[in-house]
K.L.:
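Please see the structure below; I have some questions.
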Amino acid sequence: MRNHDTLSISPEWSVVGYWFRNVLDTAQGLGCDRDSLLLQAGLSPGILEDLETHYPLADLYQLIRLIRGHCGIEDLGLHYVLNAHPCGMGLVGMAAYTAPTVRAAWELVFRYRHLVMNTGNSQLLNEGDTCSIRWYPYSRDIVSDRCFVDAVTAGWISNSQALSGRTIIPTSVELTYTRPRITSLFSETYGNNVSFDQPYNSITFRRTDIDAPVRYANERVHRVLCREAEEAIAHLRAACAFSEKLEYHIRQQLPQGETTVETLSALMHVAPRTLQRRLKRENTSFHELLVNVRHELALQHLQEEKLSTLDVALRLGYNQASSFCTAFKSWTGLTPSEYRGEQEAN
């Protein structure tokens, strides 16, 4: 019987059946019994048939904890990655595998990410001769499980290698979880330049690696798969989480500096108290969403040399640069100028 009382995971956050199949395949390869795990987790075997259907992320976390308890393996997420393949995520994976370059493949994955999981946003950030993939979850609760973090971030490395057919070693890695016991598999996956307890998960690649051609690129097939992905995402948009719809409006309102609960409630056609109540139901808050969006956009805008600190502050809805600088330092431990200097040095 499932017990989500200890998991602060919103029922609106979800992953598709492919995740469950791949996790169970990994567990089976480690000596666990698939049917027994499904029974203990209170999951129907039908979850392995409806692979493109969305299921609660909390169910996946419950399954992961059961597997970890049976196997006792710390690097479960890394074993998941070893067992996975880009095409193992259905339509999105196949579309990525036919993209012209690794960069184009990841841009496609992030554009259609909700066909695979609804847990946050990811983006590519160009930084001189390097390019980072960064993941901004809807809530810190989403990155509370190391296995899921590794399955996503190490997947960026493994799948980039599979897409390009070349060995790709990240120049740096930033992870939200506390430093674990470092195994040989961990070092082989992430390399030696890894930082822990970070505000976000990020993998930095050389630009030459991220712009490498995909070895099975096929323009005609890619076009067909992208059309199918557009149709599939259109069906999902109507039923997306309340917090995700609110996040969209926050992004639109930030440059106008009108991001109060009252303003956003009016745009969502609900009362302020209703807005707060619905966000609480999804285990998040207006403040948390606003901070997450500002943090993500700040890192993006600071890549643009032509924008001054004040320009960035105004785009994020701050009235003065000092308020933005204080907030940015609380997120990253650096002032905007220090962050830019660090990026230039790299």
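Note that the coordinates shown come from a computational prediction; the quantities given were computed from them, not determined experimentally. The chain is numbered in sequence order, starting from 1.
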K.L.:
Are the side chain of T130 and the backbone N or O of E127 linked by a donor-acceptor pair below 3.5 Å?
P.N.:
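Answer holds: yes.
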K.L.:
Who pairs with E231 by side chain to side chain donor-acceptor pair (under 3.5 Å), at least two apart in sequence or on another chain?
P.N.:
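None.
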K.L.:
Using a strict threshold of under 4.0 Å (side-chain N to carboxylate O), is an ion pair present between R207 and D129?
P.N.:
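Looking at D129 and R207, the cut-off is not met.
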K.L.:
Quick one: OG on S323 to CG on L316, what's the gap to the nearest 0.5 Å?
P.N.:
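It comes to 11.5 Å.
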K.L.:
Are any side-chain N or O atoms of N218 and backbone N or O atoms of V221, one a donor and one an acceptor, separated by less than 3.5 Å?
P.N.:
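Answer holds: yes.
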K.L.:
Without swapping roles, check the side chain of D75 against the backbone of L78 for a donor-acceptor pair under 3.5 Å.
P.N.:
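Side chain of D75 to backbone of L78: no pair is present.
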K.L.:
side-chain contact (heavy atoms from CB on, under 4.5 Å) with T332: which residues, sequence neighbours excluded?
P.N.:
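Residues passing side-chain contact (heavy atoms from CB on, under 4.5 Å) with T332: H295, F328, L334.
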K.L.:
Between the main-chain N or O of H114 and the side-chain N or O of H54, is there a donor-acceptor pair closer than 3.5 Å?
P.N.:
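Yes, because the side chain of H54 sits within donor-acceptor range (under 3.5 Å) of the backbone of H114.
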K.L.:
Using a 3.5 Å cut-off and no angle test, enumerate the donor-acceptor pairs between side-chain atoms of residues 261-271 and protein atoms at least two apart in sequence or in another chain.
P.N.:
{"unit_1": "T263", "atom_1": "OG1", "unit_2": "T260", "atom_2": "OG1", "d": "2.9"}
{"unit_1": "S265", "atom_1": "OG", "unit_2": "V261", "atom_2": "O", "d": "2.6"}

K.L.:
What residues form a side chain to side chain donor-acceptor pair (under 3.5 Å) with E228, not counting sequence neighbours?
P.N.:
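By the side chain to side chain donor-acceptor pair (under 3.5 Å) rule, E228 matches no residue at all.
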K.L.:
Provide the full list of salt bridge (Lys or Arg N to Asp or Glu O under 4.0 Å) pairs with a residue in residues 311-333, sequence neighbours left out, each pair given once.
P.N.:
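Matches after skipping sequence neighbours: none remain.
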K.L.:
Specify the closest pair of heavy atoms between T309 and C325, including all atoms of both residues, with the distance to one decimal.
P.N.:
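Nearest heavy atoms, T309 then C325: CG2-SG, 3.8 Å.
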K.L.:
Applying side chain to side chain donor-acceptor pair (under 3.5 Å), name anything that partners Y190, two or more places apart in sequence or on another chain.
P.N.:
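Residues passing side chain to side chain donor-acceptor pair (under 3.5 Å) with Y190: D150, T153.
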K.L.:
Looking at Q256, I want to see if its CD is surrounded by more than 12 non-hydrogen atoms of other residues, nucleotides or ligands under 6.0 Å.
P.N.:
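Above 12, so yes.
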K.L.:
Apply side-chain contact (heavy atoms from CB on, under 4.5 Å) to R273 and list each qualifying residue two or more places apart in sequence or on a separate chain.
P.N.:
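Testing R273 for side-chain contact (heavy atoms from CB on, under 4.5 Å), a comparison that skips the adjacent residues, returns none.
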K.L.:
I need the R65 CZ to C147 SG distance, nearest 0.5 Å.
P.N.:
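Answer rounded to 0.5 Å: 11.0 Å.
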K.L.:
Identify, with sequence neighbours excluded, every residue that meets side-chain contact (heavy atoms from CB on, under 4.5 Å) alongside F110.
P.N.:
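Residues passing side-chain contact (heavy atoms from CB on, under 4.5 Å) with F110: W106, S122, L124, I133, W156.
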K.L.:
With sequence neighbours excluded, tell me which residues meet salt bridge (charged side-chain N to carboxylate O under 4.0 Å, His left out) with R278.
P.N.:
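Not a single residue meets the salt bridge (charged side-chain N to carboxylate O under 4.0 Å, His left out) criterion with R278.
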K.L.:
Let me see the working for F20 and L51 under side-chain contact (heavy atoms from CB on, under 4.5 Å), right down to the final yes or no.
P.N.:
CA-CA 8 Å; F20 291 87; L51 296 176; over 6 Å; no
K.L.:
Identify the heavy atoms of V214 and V102 that sit nearest to each other, and give their distance.
P.N.:
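Taking every non-hydrogen atom into account, CG2-N, 3.7 Å.
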K.L.:
Could you check whether Q198 and Y177, counting side-chain N and O atoms only, form a donor-acceptor pair closer than 3.5 Å?
P.N.:
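On atom types as modelled, these side chains do not qualify, holding no pair under 3.5 Å.
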K.L.:
Is the shortest side-chain N to carboxylate O distance from D197 to R179 below 4.0 Å?
P.N.:
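Salt bridge absent between D197 and R179.
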K.L.:
Roughly how far apart are C131 SG and I203 CD1, rounded to 0.5 Å?
P.N.:
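These two atoms lie 12.0 Å from each other.
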K.L.:
Assess whether a salt bridge exists between D209 and R103, defined as any Lys/Arg side-chain N lying under 4.0 Å from an Asp/Glu carboxylate O.
P.N.:
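Looking at R103 together with D209, the answer is no, because their closest N to O distance does not fall below 4.0 Å.
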K.L.:
Walk me through it: do L37 and L63 pass the test side-chain contact (heavy atoms from CB on, under 4.5 Å)?
P.N.:
CA-CA 7 Å; L37 287 169; L63 181 60; 4.1 Å; yes
K.L.:
Flag the pair P336 / V312 as yes when at least one side-chain heavy-atom distance between them is below 4.5 Å, and no otherwise.
P.N.:
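No, too far: nothing below the 4.5 Å cut-off.
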K.L.:
Do you know which two heavy atoms are closest between A327 and Y318, and how far apart they sit?
P.N.:
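So the minimum-distance heavy-atom pair works out to CB-OH, 3.4 Å.
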K.L.:
How long is the span from the CG atom in D211 to the OG1 atom in T101, to the nearest 0.5 Å?
P.N.:
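The CG atom of D211 sits 6.0 Å away from the OG1 atom of T101.
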K.L.:
Measuring from T284:OG1 to Q276:CD, what's the distance to the nearest 0.5 Å?
P.N.:
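Interatomic distance, T284 OG1 to Q276 CD, rounded to 0.5 Å: 10.0 Å.
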K.L.:
Tell me yes or no: between the side chains of S172 and T204, is some donor less than 3.5 Å from an acceptor?
P.N.:
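Side chains of S172 and T204: pair found under 3.5 Å.
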K.L.:
So that I know where these two stand, are Y80 and W19 an aromatic pair - ring centroids less than 6.0 Å apart?
P.N.:
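Close enough - the centres of the two rings lie under 6.0 Å apart.
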K.L.:
Taking the side chain as every heavy atom from C-beta outward, state whether I47 and R21 have any pair of such atoms under 4.5 Å apart.
P.N.:
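Of all side-chain heavy-atom pairs linking R21 with I47, none is under 4.5 Å.
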K.L.:
I'd like to check W135 versus Q123 (side-chain heavy atoms, cut-off strictly below 4.5 Å). Are they in contact?
P.N.:
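No, side chains not in contact.
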K.L.:
Quick one, V92 with R113, criterion side-chain contact (heavy atoms from CB on, under 4.5 Å). Give me CA distance, side-chain angles, the key distance, then yes/no.
P.N.:
CA-CA 8 Å; V92 174; R113 65 189 182 280; over 6 Å; no
K.L.:
Give a yes or no on whether the backbone of I168 and the side-chain of Q161 come within a donor-acceptor separation of less than 3.5 Å.
P.N.:
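It does hold such a pair.
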K.L.:
Checking T98 against E219 for the side-chain contact (heavy atoms from CB on, under 4.5 Å) test, could you report, in this order, the C-alpha distance in whole Å, the side-chain angles of both residues, the deciding distance, and whether it holds?
P.N.:
CA-CA 7 Å; T98 56; E219 184 179 355; over 6 Å; no
K.L.:
Identify the two heavy atoms, one from V16 and one from Y55, that lie closest to each other, and give their separation to 0.1 Å.
P.N.:
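What the structure gives for the nearest pair is C-CD1, 4.3 Å.
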K.L.:
Nearest heavy-atom pair of L163 and A96: which atoms, and what distance?
P.N.:
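Where L163 meets A96 most closely, the heavy atoms are CD2-O, 3.6 Å.
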K.L.:
Is there side-chain contact between L76 and T26, with at least one heavy-atom pair below 4.5 Å?
P.N.:
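With C-beta onward as the side chain, the pair touches.
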K.L.:
Under 4.5 Å between side-chain heavy atoms, counting indirect links through other Ile/Leu/Val/Met/Phe/Trp/Tyr residues: same cluster for V224 and I233 or not?
P.N.:
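Hydrophobic grouping puts V224 apart from I233.
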K.L.:
Could you tell me which residues satisfy side-chain contact (heavy atoms from CB on, under 4.5 Å) with V81, sequence neighbours excluded, listed by chain and number?
P.N.:
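Per chain and number, V81 pairs via side-chain contact (heavy atoms from CB on, under 4.5 Å) with A154, S158.
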K.L.:
Using only heavy-atom distances, determine whether the side chains of S243 and E282 contain a donor-acceptor pair under 3.5 Å.
P.N.:
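E282 and S243 do have a side-chain donor-acceptor pair below 3.5 Å.
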K.L.:
Going through the distances and angles, do Y112 and E230 end up as a side chain to side chain donor-acceptor pair (under 3.5 Å)?
P.N.:
CA-CA 8 Å; Y112 301 121; E230 282 291 344; 2.7 Å; yes
K.L.:
Is any side-chain heavy atom of P180 less than 4.5 Å from a side-chain heavy atom of I182?
P.N.:
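In contact.
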K.L.:
Report yes or no: do E247 and N121 form a side-chain donor-acceptor pair below 3.5 Å?
P.N.:
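Yes.
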K.L.:
Among all residues two or more places apart in sequence or in another chain, which pass the side chain to side chain donor-acceptor pair (under 3.5 Å) test with R181?
P.N.:
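Partners of R181 by the side chain to side chain donor-acceptor pair (under 3.5 Å) criterion, ordered by chain and then number, come out as E74.
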K.L.:
So P272 and L275, do their side chains get closer than 4.5 Å, heavy atoms only?
P.N.:
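A side-chain contact under 4.5 Å is absent here.
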K.L.:
Does a donor on one side chain sit under 3.5 Å from an acceptor on the other, for Q28 and R34?
P.N.:
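Yes - a donor-acceptor pair under 3.5 Å links their side chains.
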K.L.:
If you define the side chain from C-beta out and look only at heavy atoms, does anything of V143 sit under 4.5 Å from F148?
P.N.:
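In short, these two side chains do not touch, never coming nearer than 4.5 Å.
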K.L.:
Heavy-atom count around Y248 OH within 6.0 Å, excluding the residue itself: above 12?
P.N.:
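Not buried by this count: 12 neighbours or fewer within 6.0 Å.
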K.L.:
For V293 and R251, work out which heavy atoms get closest and say how close.
P.N.:
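Minimum heavy-atom contact is CG1-CG, 3.7 Å.
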K.L.:
Side chains of V116 and Y18: closer than 4.5 Å at any heavy-atom pair?
P.N.:
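Side chain of V116 against side chain of Y18, heavy atoms only: no contact under 4.5 Å found.
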K.L.:
Apart from L310 itself, what residues make up its hydrophobic cluster, given side-chain heavy atom links below 4.5 Å?
P.N.:
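In the cluster with L310 are L314.
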K.L.:
If you measure from CD1 on I169 to CD on E188, what distance do you get to the nearest 0.5 Å?
P.N.:
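So the gap between those two atoms works out to 11.0 Å.
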K.L.:
Regarding N201 and T176, do their side chains bring together a donor and an acceptor under 3.5 Å, going by distance alone?
P.N.:
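Short answer, yes.
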